[in-house]
Amino acid sequence: MERPIRNNRRRKPFFLFIIAGIFILGAVIMLLWNAILPDVLGVAAVNYWQALGLLALSRILFGGFKFGPRGNRGSFGNPRFKEKFMNMSREERIDFRNQWKERFHRRKDNL
């Protein structure tokens, strides 16, 4: 079975928009940082390249480098878990939900 050949002309503008967006976002971060944080917290102002570094650092710490569709797993997360949950009887599902509610309330009370 042959795979269809993708049109590279469509990829180039999309890639350029992503690169332009990263550079624009770096400028927005620099402007926001320099407008707010030096007055509020007394930190030093950042230049453009430091702002891009902050963008990359925040992406690593909080977002990771996951590319592609984010909602491909659905609300259950793991496809094996979804299959297991769907094969439970109604009573087993109710018990499972109640156990998770108890666990959540215990954690919430301990905080």
Under 3.5 Å, sequence neighbours excluded: what are the donor-acceptor pairs made by side chains of residues 15-37?
{"from": "Trp33", "atom 1": "NE1", "to": "Ala44", "atom 2": "O", "distance (Å)": "3.1"}
{"from": "Asn34", "atom 1": "OD1", "to": "Val46", "atom 2": "N", "distance (Å)": "2.8"}
{"from": "Asn34", "atom 1": "ND2", "to": "Met30", "atom 2": "O", "distance (Å)": "3.3"}
{"from": "Asn34", "atom 1": "ND2", "to": "Val46", "atom 2": "O", "distance (Å)": "3.0"}

Quick check against the 3.5 Å criterion: does Gln50 have a side-chain atom that pairs as donor or acceptor with the backbone of Asn47? yes
Those residues at least two apart in sequence (or on a different chain) that pass side-chain contact (heavy atoms from CB on, under 4.5 Å) with Arg93 are Phe85, Met86, Met88
Residue set satisfying side-chain contact (heavy atoms from CB on, under 4.5 Å) with Asn87, at least two apart, ordered chain then number -> Glu83
When rounded to the nearest 0.5 Å, the distance separating CD of Gln99 from CG of Asp95 is 6.5 Å
Can a cation-pi geometry be assigned to Arg103 and Trp100, taking NZ or CZ under 6.0 Å from the six-membered ring centre and within 45° of the ring axis?
-> yes
